[in-house]
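The block underneath contains the structure these notes are about, expressed in structure tokens.
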Amino acid sequence: MTKNTSKLGAENLSFGFRSVFSEFPFFNYVQSKALDDVFYSGKNFVACAPTGSGKTALFELAIIRLLMQNSEPWNEVKAVYMAPIKALCSQCFENWNKTFGPLGLRCKELTGDTQIDDFFEIQDSHIILTTPEKWDSMTRKWKDNCLLQQVKLFLIDEVHVVKDATRGATLEVVVSRMKAGTCGPMRIVAVSATIPNISDIADWLSDESGPATYLAMDESHRPVKLRKVVLGFPCGQNQTEFKFDLSLNYKMANIIQIYSDQKPALVFCSTRKGAQQAATVLAKDARSLKSYTLRSNYHLNNTVLCFSGLELVMLGVGYHHAGIELSDRKLIEKAFTQADLPVLFTTRTLAMGVNLPAHLVVIKSTMQYVAGSCEEYSDADLLQMIGRAGRPQFDTSATAVIMTKTQNKDKYTKLMNGVEIIESSLHSHLVEHLNAEIVLQTISDVNMALDWIRSTFLYIRALKNPSHYGQSSEQ
Ligand SMILES: Nc1ncnc2c1ncn2[C@@H]1O[C@H](COP(=O)(O)OP(=O)(O)OP(=O)(O)O)[C@@H](O)[C@H]1O
């Protein structure tokens, strides 16, 4: 466990705000290290720290700082929290409603799942929780609206998504638009678990006082030590994704036996059917396993499980996906949380925001099915899944195993070790985004266009690594 620093405990906060951190008595090492920059200073700030290291508290500290500069009824308080995954927005929305609600703050979730005509409610909210895509579309519509100009604090979760081939450009332009669109000072606080070139992100998130301050904490500061393993498996030229995925089911018993330390294992599968099939294969294999006893402590008389997976549950193997009745899903989650169910196969429904006692997380295949076709998981999704291993409440060490094709092993090993430099992806979508800014009149002449370009992450990285963007260093 990382050492707590009592000097920097929650008692440093004025009385009214301590309740926000009622779940823990002390800030951990990462939070203590960030305190000066995020709480005692108002500069833009970016932190890179491992999954599970308590980065959400950094956002909360930034919000509290903003509150301390204002007074009730918080008319001047407007913060935007932006995360690439809707479930992260929902998780924060739920938590912050509980913690900031009693302080008089109104939170509003604004994602693809919410209604667009919520505008007045949004205008009335103090904390808006949204995704880059949704905020992009909203800020395009509200260009002249005072709402944008009122934002005082812009919180960016999983900021490394800026490198994502499709979503990164949206994040990048949204940040530039926010920087240009507010009338008073707007503070930016960003976090991620993986940014090797954090100083570039700090340069990008600069304001007139200079680059953002930054804090980079390596894996040694992870509250729960995480062993990361990437396993490559051969996939024949004629083998379909489906068959490759299926073949991994037969490796699972071995992997669980080697890496689980006889503790709960969570296996992420790309489809509902895949989760069921994998659970069935493991349950069969488990019968023949000697050293690892898959035995469920889940007693029949305690359960009202009515779905077809009941027999497997009794063997200690469960599956969980959105197609299962909510009540059954809750029971499965409970059984796994209470360590009564040793192995749980799940789709990504359980990846985000749920604190489960998984000592081992296995990602069975790095491909997922989206709208009928196969694509690799995004880095953000993978890190979220891996982040489910070894949550601080349950464990002191944990293991994450990624099962992928042999040819992808290096790529995922790099991702696991966080050595892949974050590059911009805006160059691939530059024309489309420039056009949008021209229509929005953020850009109305060449000088403004140049200023806009200079405000992007693309500009920072293109100067350092021109060849990546198709430029020679002389250009
Ligand atoms: N100082 C602390 N002491 C004890 N537990 C803490 C502390 N700070 C955070 N936690 C708990 O650790 C868990 C992980 O925190 P959090 O989700 O903020 O981490 P994170 O760095 O954002 O992780 P991820 O990147 O996986 O989302 C939460 O359950 C949180 O309540």
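Counting starts at 1 for both ligands and their atoms, following the listed order. Keep in mind the model is a prediction, meaning the values are calculated, not measured. The figures here come from the full heavy-atom set of this structure, side chains too, leaving out hydrogens, waters and symmetry mates.
- The distance criterion of under 3.5 Å between nitrogen or oxygen atoms is met by Gly52 with respect to ligand 1.
- For Tyr81 and Trp96, the distance between ring centers is under 6.0 angstrom.
- Heavy atoms of Ser53 found under 4.0 angstrom from ligand 1 belong to the backbone as well as the side chain.
- In terms of polar-atom proximity, defined here as any N/O pair under 3.5 Å, Thr56 does make such a contact with ligand 1.
- Residues Asp124 and Lys108 are not paired through a salt bridge, judged by the lack of any N-O separation under 4.0 Å between the basic side chain and the carboxylate.
- Near Phe26, meaning under 4.0 Å from any of its heavy atoms, are these atoms of ligand 1: 1 (N), 2 (C), 3 (N).
- Applying the side chain to side chain contact (heavy atoms under 4.5 Å, CB included) test to Asn249 and every residue at least two apart in sequence or in another chain returns Leu246, Gln277, Ala278, Val281, Lys364.
- In this structure, CG in Leu282 is found 11.0 Å from CD1 in Ile255, a value given to the nearest 0.5 Å.
- At a 3.5 angstrom cut-off on N or O pairs, Ala193 does not count as close to ligand 1.
- In this structure, the ring of Phe21 has its center less than 6.0 angstrom from the ring center of Phe27.
- Note: Trp74 and Phe17 have tilted aromatic rings, judged against thresholds of 30 and 60 degrees for the angle between ring planes.
- Annotation: Phe27 places no N or O atom under 3.5 Å from an N or O atom of ligand 1; distance criterion only.
- Residue pairs meeting the salt bridge (charged side-chain N to carboxylate O under 4.0 Å, His left out) criterion with at least one member in residues 157-167, sequence neighbours excluded, are Glu133-Arg167, Lys163-Asp379, Lys163-Glu420.
- Only side-chain heavy atoms of Arg388 come within less than 4.0 Å of ligand 1; its backbone N, CA, C and O stay farther off.
- Considering backbone and side-chain atoms together, Asn28 places an N or O closer than 3.5 Å to an N or O of ligand 1.
- Atom numbering of ligand 1 starts at 1 in the shown order; those under 4.0 Å from a heavy atom of Glu23 are 31 (O).
- Contacts between Pro50 and ligand 1 below 4.0 angstrom, taking non-hydrogen atoms only, involve the backbone exclusively.
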